[in-house]
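It should be emphasised that the depicted structure is a prediction, and the values quoted were computed from it without experimental measurement. Index from 1, following the sequence.
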Amino acid sequence: MRFTKMHGIGNDYVYVDCFAQPAPADPSALSMKIVDRHFGVGGDGLILICPSEKADVRMRMFNADGSEAEMCGNAVRCVAKYVYDHGIAKKPTLKVETGRGVLSLISKILDDKVHSVRVDMDEPILEAGKIPVALPNYGSRDQIVAVPLVEFNVPLVGAGWKNDCGLDPHMTCVSMGNPHVTIYCQDVIAVPLSQVGPTLELHRAFPQRINVHFVQVHSPQEVTMRTWERGSGITLACGTGASAVCVAGVLTGRTGRKILAHLPGGDLELEWNETDNHVYMTGPATEVFSGDWPD
């Protein structure tokens with residue numbers, strides 16, 4: 001099986017062109033093997049680039065644990081680069097079918113290669129029942145904005161790190177087609193993400209598990225964030241997460257509708273447009289290498 005390794009600011013996936021070859025019979029099992037960083041190609045997950053009856057291409061995404069996810073903002077930018085650079089759809093505007101629905105992308109082309117991509121991430125989903133979040137005192141149509149963590153008894157390991165990072169013990173939940181929780185602090189580096197992340201991801205309040213983001217606000221236009229990604233663990237970037245952080249910043253009054261987000265792997269530009277209520281994300285896409293995986 002032919003594959004290509006790509007990344008969007010360090011959020012790396014193994015891509016399989018299902019236009020040129022049959023789709024793998026068991027992509028969940030393949031994902032767990034091929035993305036292993038010691039015994040496989042290495043990556044945060046597996047992406048299948050498939051034909052679509054609704055759009056130019058269809059993207060299917062599988063996490064490192066084999067679970068299938070709805071959407072990945074960094075991966076869909078790489079899909080746009082792959083289909084243009086490899087001649088599947090040689091045009092700067094693209095429609096991609098995802099688990100979130102059909103998304104529109106606009107690529108910036110330099111020397112006949114895609115350099116960066118602006119993705120229409122669609123409207124954020126704010127109702128608790130649709131994210132989903134299940135809290136005793138909140139109805140399915142309520143928004144989960146700046147809700148005290150103590151209200152649902154999240155056992156955040158230890159206590160010292162909370163002071164070290166200047167934790168604001170409140171959470172805001174947003175879905176961008178997949179669920180996200182944003183928590184603010186004064187120093188994201190001081191958060192023990194490898195311990196706190198899985199505790200939150202697997203909490204019973206999140207019936208489909210959740211992506212976890214700790215965010216440090218520098219100004220109304222600039223933040224730094226770290227991510228524990230559902231099904232994959234700590235990642236260098238999360239595009240849907242950065243989009244959710246943009247929305248959470250507006251809902252909590254911390255940031256404006258346009259922000260620059262610094263992630264461990266690089267920067268993303270986000271805008272929650274007031275006119276159409278859509279979130280727009282812009283960032284680079286990079287192809288690393290290709291190879292053959294034994295069937």
Notebook entry, point to check: When D44 is tested against each of N63, N74, T235, N11 for side chain to side chain donor-acceptor pair (under 3.5 Å), which residue passes?
Noted result: N11
Checklist line | Over 12 non-hydrogen atoms of neighbours within 6.0 angstrom of NZ in K90 | finding: yes
Notebook entry, point to check: Under a single-linkage definition using a 4.5 Å side-chain heavy-atom cutoff for Ile, Leu, Val, Met, Phe, Trp and Tyr, are L126 and Y280 assigned to the same hydrophobic cluster?
Noted result: no
Checklist line | Short N-O contact, R254 and D168, less than 4.0 angstrom | finding: yes
Notebook entry, point to check: Taking side chain as C-beta onward, heavy atoms only, is L46 less than 4.5 Å from P27?
Noted result: yes
Checklist line | Close side-chain approach of H170 to T252, heavy-atom, < 4.5 Å | finding: no
Notebook entry, point to check: Between V247 and V119, is there a shared hydrophobic cluster once you connect ILVMFWY residues whose side-chain heavy atoms come closer than 4.5 Å?
Noted result: yes
Check: Thinking salt bridges, do R60 and E97 make one under a 4.0 Å N-O criterion?
Finding: no
Next item on the list: Give every residue pair that meets the side chain to side chain donor-acceptor pair (under 3.5 Å) criterion with at least one member in residues 14-28, sequence neighbours excluded.
Entry: D17-Y82
Notebook entry, point to check: Among the clusters formed by ILVMFWY side chains lying less than 4.5 Å apart, do L48 and I88 turn up in the same one?
Noted result: no
Notebook entry, point to check: What do you reckon, is CZ of F289 surrounded by more than 12 foreign heavy atoms closer than 6.0 Å?
Noted result: yes
Check: Has the side chain of R209 got a donor or acceptor atom that lies under 3.5 Å from a matching backbone atom of E201?
Finding: no
Next item on the list: Check whether the side chains of N273 and H278 place a donor and an acceptor atom closer than 3.5 Å, and report yes or no.
Entry: no
Next item on the list: Check whether any side-chain N or O of W272 sits under 3.5 Å from a backbone N or O of V250 as a donor-acceptor pair, and report yes or no.
Entry: no
Next item on the list: Would you check if the side chain of R100 reaches a backbone N or O of M121 as a donor-acceptor pair within less than 3.5 Å?
Entry: yes
Note to self: Looking at every non-hydrogen atom in both residues, tell me the closest pair between G8 and C78 and how far apart they are.
What the structure shows: N-SG, 3.7 Å
Item checked: N/O donor-acceptor pair under 3.5 Å between S116 side chain and G283 backbone -> no
Checklist line | Within one Ile-Leu-Val-Met-Phe-Trp-Tyr cluster: I47 and L30, side-chain cutoff 4.5 Å | finding: no
Check: Are any side-chain N or O atoms of K5 and backbone N or O atoms of G42, one a donor and one an acceptor, separated by less than 3.5 Å?
Finding: yes
Note to self: Are more than 12 heavy atoms, taken from residues, nucleotides or ligands other than H218, located less than 6.0 Å from that residue's NE2 atom?
What the structure shows: yes
Next item on the list: Keeping the roles fixed (side chain from E127, backbone from D142), state whether a donor-acceptor pair exists under 3.5 Å.
Entry: no
Check: Do any N or O atoms from the side chain of T227 and from the backbone of E229 form a donor-acceptor pair under 3.5 angstrom?
Finding: no
Note to self: So does V35 get a backbone contact from the side chain of Y13, meaning a donor-acceptor N/O pair under 3.5 Å?
What the structure shows: no
Considering only distance and modelled atom types, tabulate donor-acceptor pairs under 3.5 Å from the side chains of residues 104-114, sequence neighbours left out.
from : atom 1 : to  : atom 2 : distance (Å)
S104 : OG     : K95 : NZ     : 2.6
D112 : OD1    : Y84 : OH     : 3.0

Margin query: Quick one: does any side-chain atom of Q216 pair with a main-chain N or O of Q186 as donor and acceptor, under 3.5 Å?
Written below: yes
